[in-house]
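For reference, the structure discussed in these notes is given below.
Everything numeric in this text was worked out from a predicted model, so none of it was measured. Below, chains carry the letters A, B, ... as their sequence lines are ordered, and counting in each starts from 1.
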Protein chains: 2
Amino acid sequence: MSLRHAVLGILAQKPVTGFELLSEFDISRSVIWPAPQNEVYRVLRVLKQEGLAREVARGARGSRTYAITDAGREALRAWLMAPSDYSLRYEPMLKAVFLSEVGGEDRRERAKADLAFFEEQLAILKIRGEAVQRSPDAPGKRVDAWRMAISFYQAMAEWARAAAAGDR
Amino acid sequence: MSLRHAVLGILAQKPVTGFELLSEFDISRSVIWPAPQNEVYRVLRVLKQEGLAREVARGARGSRTYAITDAGREALRAWLMAPSDYSLRYEPMLKAVFLSEVGGEDRRERAKADLAFFEEQLAILKIRGEAVQRSPDAPGKRVDAWRMAISFYQAMAEWARAAAAGDR
DNA sequence: ATATCACATGTGACTGATCACATGTCGAGG
DNA sequence: CCTCGACATGTGATCAGTCACATGTGATAT
């Protein structure tokens, strides 16, 4: 997995410029990790070179609009259906592994900070969810990601609530 | 976040050799991602050089046992309590974002494959959980990680079950 | 004796991610 | 007219992670 796939996926929905791509990453930061700005442009160039995307237009301020090619669509589909890499890199989970190394007070503090974030994400996702419901076939109706993210943050919040309360 | 912290955390529980560290990573692969073999040895050398770990013994077959130093403990604690990086890199979630790009049949197939994995992990975690319950203060009583992982995989399985059944 | 396997550590090359910095354009408002 | 902020793309250095490969030891069984 890498940025490549995320970029290819967004490209599959509509042609975009690097700049627009960046804001896509920013908007969906609850689900997709934040992309380093320069890497997006590099990925776009590589994708083009590999024939998975092509440059379809030049706009103002030197902007380049990229679109997915047939080969790109095929590559995306192949990746989606290929066996997944289930390895999880999530800092809060890694911290949980070693949380026994700090005292009870610190542990609760850690869990509280986590809980605040998880609840914030849930609130954001719920607001976005209403928009999804209103327009069922909206641009990129990402129902699966939305549901998975809701499930995920609910699970995380559940853990954090118990730990913040001091449950052992 | 990086391997550094995972290695430091394990070191905080007991002195280990690189080889033992590798098997730790292997054992807890439901929670910590698999560590590339050579990287573990590199991290150990770096940690030593930075004064966060020290070499405490040489054993058979050139094995080197490392232990955490006071500075290492302090660094671990600082990391644990520092604001977390909540960005999530998880291939199944990224795939979910773009799952609308494939047909209903493919989507169910994808979800089924995921479900099988999530349920397997839950089974593994439950078996390990019984051991945790029996020895409440066992070596590295990682209750937090265990609970978080259970919550996590239950959430994932819940999503996958719905998607595999074809829910829209 | 010696073959084999588990133990144990390492190097070199490469790729992808990240950081810091650099450059230029277009439109709106003072 | 000029400044400022949003738009838009890029380079170079560095680092962590990954892949492929290399090397050697000690115990055990045949």
Side-chain angles (χ1 to χ4, degrees), chain A residues 1-11 15-27 29 32-50 52-66 75 79 83-91 94, chain B residues 1-11 15-27 29 32-50 52-66 75 79 85-91 94:
Chain A
M1 179 187 48
S2 62
L3 253 199
R4 284 173 60 84
H5 300 116
V7 169
L8 206 51
I10 294 173
L11 237 38
V16 283
T17 66
F19 193 83
E20 288 164 346
L21 212 36
L22 272 167
S23 55
E24 282 282 326
F25 275 97
D26 201 47
I27 290 164
R29 73 194 180 298
I32 310 183
W33 64 91
Q37 173 262 116
N38 54 359
E39 188 64 7
V40 164
Y41 291 105
R42 267 199 270 257
V43 166
L44 246 13
R45 285 196 299 266
V46 171
L47 250 28
K48 179 187 169 186
Q49 188 203 303
E50 290 174 341
L52 304 183
R54 59 181 218 284
E55 217 184 297
V56 289
R58 298 266 178 124
R61 277 160 279 202
S63 74
R64 294 150 187 263
T65 303
Y66 293 87
W79 169 71
S84 286
D85 173 4
Y86 293 103
S87 64
L88 176 63
R89 270 173 181 63
Y90 194 50
E91 193 168 289
L94 188 61
Chain B
M1 177 187 48
S2 62
L3 254 198
R4 286 172 59 85
H5 300 116
V7 169
L8 206 51
I10 294 173
L11 237 37
V16 283
T17 65
F19 194 84
E20 288 164 344
L21 213 37
L22 274 167
S23 56
E24 282 282 326
F25 274 97
D26 201 48
I27 289 165
R29 73 195 178 297
I32 311 184
W33 62 92
Q37 176 263 113
N38 53 0
E39 187 65 7
V40 164
Y41 291 105
R42 267 198 272 257
V43 166
L44 245 13
R45 284 195 299 267
V46 171
L47 251 27
K48 179 187 168 185
Q49 187 204 303
E50 292 174 341
L52 305 183
R54 58 181 217 283
E55 218 184 297
V56 289
R58 298 266 179 123
R61 277 162 281 202
S63 74
R64 295 151 187 259
T65 303
Y66 293 85
W79 170 71
D85 173 6
Y86 292 103
S87 66
L88 176 63
R89 272 171 179 65
Y90 194 50
E91 191 167 290
L94 188 61

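For the OP1/OP2 pair of C/dT9 and a distance below 4.0 Å, the side-chain nitrogens and oxygens of B/Tyr41 include at least one atom meeting the criterion. Here B/Arg45 reaches the OP1 or OP2 of C/dT11: one of its side-chain N or O atoms lies under 4.0 Å away.
Counting to the nearest Å, the P atom of D/dG26 and the CZ atom of B/Arg58 are 14 Å from each other. A/Glu39 places its CD atom 13 Å from the P atom of D/dT11, with the value rounded to the nearest Å. Regarding A/Lys48, its NZ atom lies at a distance of 9 Å from the P atom of D/dG10, rounded to whole Å. Here D/dC15 presents its P atom at 11 Å from CD of B/Gln49, a figure rounded to the nearest Å.
Judged by distance alone, with hydrogens and angles left aside, the side-chain atoms of B/Glu91 form a donor-acceptor pair with the main-chain N or O of A/Asp85 at under 3.5 Å.
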Handout entry: Check against side-chain contact (heavy atoms from CB on, under 4.5 Å), A/Leu44 and A/Lys48
Key = CA-CA 6 Å; A/Leu44 246 13; A/Lys48 179 187 169 186; over 6 Å; no
Practice task
Kindly determine whether B/Leu88 and A/Leu88 satisfy side-chain contact (heavy atoms from CB on, under 4.5 Å), including the steps that lead there.
Solution key: CA-CA 8 Å; B/Leu88 176 63; A/Leu88 176 63; 3.6 Å; yes
Exercise for the section: Determine, step by step, whether B/Leu94 and A/Trp33 satisfy the side-chain contact (heavy atoms from CB on, under 4.5 Å) criterion, reporting the C-alpha distance in whole Å, the side-chain angles of both residues, the deciding distance to 0.1 Å, and the verdict. Expected result: CA-CA 9 Å; B/Leu94 188 61; A/Trp33 64 91; 3.9 Å; yes
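Map A/Arg42 and A/Arg61 each onto its nearest nucleotide of DNA chain D; the residue landing nearer the 5' end is A/Arg61. Nearest-nucleotide mapping onto DNA chain C: of A/Gly62 and B/Gln37, the residue sitting toward the 5' end is B/Gln37.
On a pure distance criterion of 3.5 Å, no polar donor-acceptor pair joins the side chain of B/Asn38 and the base of C/dT9.
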